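Keep in mind that this is a model prediction, so the values were computed, not measured.
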Amino acid sequence: MDETNCVRLLEQHGIKPTSNRIVVVRALAEEEHPSSISDLETRILTIDKSGIFRSLMLFREHHLVHSIEDGEGGVKYELCHSHDEEEDDDQHVHFFCEQCHRIFCLHDTPVPPIQLPDGYSAHSFNYMVKGICGECRKK
């Protein structure tokens with residue numbers, strides 16, 4: 001994703017496009033899998049961990065990223081495809097490979113409906129399936 005698209009994406013979500021935020025968005029866009037703060041810190045040498053963290057928290061607040069429990073007690077982040085400042089409608093199934101420790105987004109796998117008891121209201125969910133990915137099964 002080039003800088004112009006990064007700026008446009010940030011502005012669509014009501015976020016002022018600073019140079020650090022543009023770098024973080026670009027790094028997330030280039031990843032095939034959700035990234036942890038440590039992953040981003042390794043890739044982005046010009047911003048310290050606290051700067052990356054602040055950007056991610058702002059992005060999450062404005063529904064530019066969503067956070068995913070990574071299957072091992074940590075958190076990873078990925079860009080939302082909905083591009084809506086108010087709501088993240090990009091909820092989908094994630095698969096955690098217990099062998100290679102990567103997370104895969106399964107956009108085409110339907111999320112089963114969840115019936116909550118009366119009086120409960122869901123705002124988000126984290127649907128994680130754990131197992132062995134196809135690449136690791138072939139090894």
Side-chain angles (χ1 to χ4, degrees):
M1 179 181 289
D2 65 16
E3 185 171 336
T4 303
N5 287 328
C6 290
V7 168
R8 186 179 308 122
L9 185 58
L10 287 163
E11 289 173 342
Q12 283 176 336
H13 287 267
I15 300 170
K16 182 180 177 183
T18 65
S19 58
N20 281 359
R21 293 171 186 164
I22 292 167
V23 169
V24 175
V25 165
R26 181 179 283 161
L28 286 168
E30 291 173 352
E31 287 294 318
E32 291 182 29
H33 306 283
S35 302
S36 67
I37 292 176
S38 295
D39 296 336
L40 292 169
E41 188 179 21
T42 301
R43 291 195 63 220
I44 303 171
L45 303 177
T46 58
I47 306 172
D48 65 8
K49 188 175 191 171
S50 64
I52 294 169
F53 178 78
R54 285 191 305 274
S55 291
L56 290 171
M57 294 305 100
L58 180 67
F59 295 172
R60 192 171 70 178
E61 182 180 313
H62 287 264
H63 303 284
L64 177 56
V65 300
H66 56 269
S67 56
I68 304 148
E69 295 172 24
D70 71 358
E72 297 181 308
V75 177
K76 296 202 176 187
Y77 301 88
E78 69 178 334
L79 285 177
C80 295
H81 296 283
S82 64
H83 305 307
D84 186 329
E85 178 187 344
E86 298 298 322
E87 183 178 328
D88 174 14
D89 64 356
D90 189 33
Q91 299 291 340
H92 54 270
V93 175
H94 293 94
F95 183 90
F96 174 75
C97 179
E98 294 171 320
Q99 191 164 332
C100 66
H101 305 277
R102 291 183 295 171
I103 296 177
F104 300 87
C105 297
L106 306 179
H107 294 283
D108 296 330
T109 301
V111 176
I114 299 170
Q115 292 291 339
L116 296 175
D118 287 341
Y120 288 77
S121 173
H123 296 282
S124 67
F125 66 89
N126 187 352
Y127 198 85
M128 176 72 70
V129 177
K130 295 181 181 182
I132 306 297
C133 71
E135 197 174 306
C136 287
R137 287 184 58 94
K138 291 177 185 176
K139 293 180 182 178

**Request:** Determine yes or no for a side-chain-to-main-chain donor-acceptor pair under 3.5 angstrom, with R26 supplying the side chain and C6 the backbone.
**Result:** no
**Fill in**
Interatomic distance, CD@E3 vs CZ@R8, rounded to 0.5 Å, equals 12.0 Å
**Asked** Has the side chain of R21 got a donor or acceptor atom that lies under 3.5 Å from a matching backbone atom of I15?
**Response** no
**Fill in**
When rounded to the nearest 0.5 Å, the distance separating CG of L28 from CZ of F59 is 7.0 Å
**Request:** Search all heavy atoms of P110 against all heavy atoms of V93 and return the closest pair with its distance.
**Result:** O-CG2, 4.1 Å
**Asked** What do you reckon, is CD of E32 surrounded by more than 12 foreign heavy atoms closer than 6.0 Å?
**Response** no
**Item:** Gap between atom CG of L64 and atom CD of E78 - 0.5 Å precision
**Value:** 11.5 Å
**Asked** Is V111 reachable from M128 through a run of hydrophobic residues whose side-chain heavy atoms are each under 4.5 Å from the next?
**Response** no
**Prompt:** Which atom names give the shortest non-hydrogen contact between C100 and C136, and what distance separates them?
**Reply:** CB-SG, 3.5 Å
**Prompt:** At what distance, to the nearest 0.5 angstrom, does CZ of F53 lie from CD of E41?
**Reply:** 12.5 Å
**Heavy atoms from other residues, nucleotides or ligands near CZ of F104 exceed 12 (cutoff 6.0 Å)** = yes
**Distance-minimising heavy-atom pair for V23 and T46** = CG1-OG1, 4.5 Å
**Message:** Can you give me the closest heavy-atom contact between K76 and P34, atom names plus distance?
**Reply:** CD-O, 3.4 Å
**Asked** Going by distance alone, is a donor N or O of one side chain under 3.5 Å from an acceptor N or O of the other, for N20 and T18?
**Response** no
**Request:** Mark yes when over 12 heavy atoms from residues, nucleotides or ligands other than D2 sit less than 6.0 Å from its CG; otherwise mark no.
**Result:** yes
**Exercise: identify the closest heavy-atom pair between C80 and V65** = SG-C, 3.5 Å
**Message:** Before we go on, tell me: are the rings of H92 and H66 under 6.0 Å apart, centre to centre?
**Reply:** yes
**Message:** Any donor-acceptor pair under 3.5 Å linking the side-chain atoms of D39 with those of S36?
**Reply:** yes
**Asked** Taking all atoms of both residues into account, what is the closest heavy-atom pair of H62 and G14, and its distance?
**Response** CE1-O, 3.7 Å
**Nearest-0.5 Å distance, CZ of residue R137 to CD of residue Q99** = 10.0 Å
**Item:** Neighbour count >12 (heavy atoms, 6.0 Å) for atom CD, E98
**Value:** yes
**Message:** Rounded to the nearest 0.5 Å, what separates atom CZ in F95 from atom SG in C105?
**Reply:** 12.5 Å
